[in-house]
*Asks:* 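Below: one structure in structure tokens.
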Amino acid sequence: MKLEDILNDTFLGNPVSQWLWAAGIFVGTLILCWITIGLISKALHRLADKTATVWDDIAAAVVGSTKQPLLVFVAAWAAIQALVIPDWIAHGIHIAAVVSLALQVGIWANKTLAEWMAVQRNQKKGEPDTLTWLSGIEWAAKIVIWLVVLLIGLENLGVDVTGLATGLGIGGIAVALAVQNILGDLFASFSIYLDKPFVLGDFLAIDAYSGNVEKIGVRTTRIRSITGEQLIFSNNDLLQSRIRNFGRMNERRSTFTIGVTYDTPAEIVEKIPGFIEEVVEAQPNTRFDRSHFKDFGDSSLNVETVYYMLVPDYRSLMDTQQKVNLEVLRRFNAEGVEFAFPTQTLYVEKGSAENEALKNGDTRPNS
């Protein structure tokens with residue numbers, strides 16, 4: 001059989017020569033797309049290295065996120081233009097191309113958002129409020145992007161988007177009732193992002209639990225406990241709890257009480273608040289509030305002292321309290337003042353017959 005006869009043979013309604021031409025178009029288009037994407041990506045990367053703006057970096061990353069299936073379907077669509085093929089095959093390739101393009105547009109948009117958010121986070125490292133707000137915006141924007149991609153894809157596939165939206169609205173009521181707990185957590189996450197009762201990095205105390213906020217998610221907030229484990233709270237339950245946010249402290253209050261023995265002279269007790277004030281004010285980052293002989297305890301004369309740390313860090317507070325305690329101990333030792341400790345004194349009434357008998361060593365019971 002001659003080559004001319006082979007080329008003129010018909011396959012699926014097209015001569016073999018036409019199929020070869022279509023294959024050449026497919027391969028050529030695919031190679032052209034690869035080369036074009038590669039050249040654009042390299043040019044953008046070279047431009048990004050020479051400029052300080054972030055948009056060329058973002059554009060380079062977006063171009064680099066182009067997926068191969070899109071190029072394949074573009075090449076296939078170009079190839080079938082040279083063929084006479086059944087409608088069902090053309091329709092199938094058209095659907096695949098539309099879906100691929102819609103997904104690629106979503107990937108481009110998502111990559112643009114992610115790169116821009118990364119730039120913003122890098123610029124706002126020291127602003128936890130802004131970082132929390134950016135996380136919420138990114139999460140909501142991703143949902144919007146993929147919803148738009150879905151609707152555009154469905155519309156291009158011939159789906160009645162208006163009817164679909166109406167159906168979803170009616171069915172959504174039933175779904176909302178079924179997943180009301182999930183929706184409660186979802187709206188609670190919006191409240192956290194917008195109202196910002198706490199942000200990433202804040203130290204929270206919720207009931208008997210405490211730790212630093214690690215992540216604020218769609219349904220849950222994750223907190224790293226001071227003992228190391230991760231605590232996971234439902235957003236809705238978390239907002240209904242009494243939250244103590246230590247991350248918002250400007251200064252930290254410290255109260256301590258010192259008890260001295262009852263045989264301490266009044267003149268010494270009167271001096272104790274004064275030298276405690278001197279000790280506290282000698283420490284850095286402190287603001288003395290008060291020190292008073294507060295009350296008569298069961299076994300001690302109690303002096304209560306209150307001061308503030310001008311930095312909220314708990315470690316700084318404990319370091320300062322340790323220095324105060326040591327200096328007070330030195331002052332008490334120098335003045336001969338004794339710390340009180342729980343004691344009981346037993347007084348025995350004298351003069352009864354039983355006491356006299358015990359005193360004389362007679363342990364016989366009375367008759």
Side-chain angles (χ1 to χ4, degrees), residues 37 41 44 48 53-70 73 96-125 127-157 159 161-162 164-165 167-169 171-172 175-176 178-202 213-223 230 232-236 238-239:
I37 293 295
S41 180
L44 288 173
T53 180
V54 298
W55 291 109
D56 46 13
D57 298 87
I58 294 175
V62 170
V63 172
S65 68
T66 303
K67 303 301 180 182
Q68 298 300 328
L70 173 65
F73 285 119
V98 169
V99 171
S100 178
L101 180 60
L103 290 175
Q104 184 60 65
V105 170
I107 292 172
W108 283 334
N110 195 63
K111 188 65 173 179
T112 302
L113 175 66
E115 291 294 323
W116 184 79
M117 285 294 178
V119 172
Q120 297 303 312
R121 288 193 184 94
N122 187 53
Q123 294 176 350
K124 309 293 184 181
K125 281 184 178 178
E127 303 176 21
D129 285 353
T130 304
L131 292 176
T132 303
W133 176 79
L134 286 174
S135 297
I137 293 296
E138 182 178 13
W139 173 76
K142 286 182 178 179
I143 293 178
V144 172
I145 287 172
W146 289 113
L147 282 177
V148 171
V149 168
L150 176 63
L151 293 176
I152 291 175
L154 291 175
E155 185 175 7
N156 281 274
L157 294 176
V159 178
V161 178
T162 304
L164 178 63
L168 289 175
V175 174
V179 296
Q180 54 183 330
N181 290 335
I182 297 177
L183 292 177
D185 291 330
L186 178 63
F187 287 116
S189 68
F190 277 119
S191 177
I192 292 173
Y193 286 131
L194 296 176
D195 190 47
K196 295 189 283 294
F198 53 84
V199 297
L200 296 176
D202 279 354
V213 179
E214 276 194 340
K215 181 180 180 182
I216 303 172
V218 177
R219 286 204 59 205
T220 61
T221 293
R222 302 181 184 187
I223 295 175
Q230 188 180 69
I232 302 175
F233 294 89
S234 163
N235 286 333
N236 194 27
L238 187 60
L239 289 186

*Asks:* Restricting to non-hydrogen atoms, name the atom on Gly217 and the atom on Asn235 that form the minimum distance, rounded to 0.1 Å.
*Replies:* O-ND2, 3.1 Å

*Asks:* CG of Asn110 to NZ of Lys142: how many Å apart, nearest 0.5 Å?
*Replies:* 5.0 Å

*Asks:* Looking at every heavy atom in both Leu239 and Pro197, which two are closest together, and how far apart are they?
*Replies:* CD2-CG, 4.1 Å

*Asks:* For Thr221 and Val213, work out which heavy atoms get closest and say how close.
*Replies:* CG2-CG1, 4.2 Å

*Asks:* At what distance, to the nearest 0.5 angstrom, does CH2 of Trp108 lie from CD1 of Ile145?
*Replies:* 14.0 Å

*Asks:* Would you give the length of the straight line joining atom CD1 of Ile232 to atom NZ of Lys215, rounded to the nearest 0.5 angstrom?
*Replies:* 10.0 Å

*Asks:* Would you compute the distance between atom CG of Asn236 and atom OG1 of Thr220 and round it to the nearest 0.5 angstrom?
*Replies:* 12.5 Å

*Asks:* Return the CG to CZ distance between Leu238 and Phe198, rounded to the nearest 0.5 Å.
*Replies:* 4.5 Å

*Asks:* Calculate, to the nearest 0.5 Å, the distance between atoms CZ and CD1 belonging to Phe233 and Ile216 respectively.
*Replies:* 13.0 Å

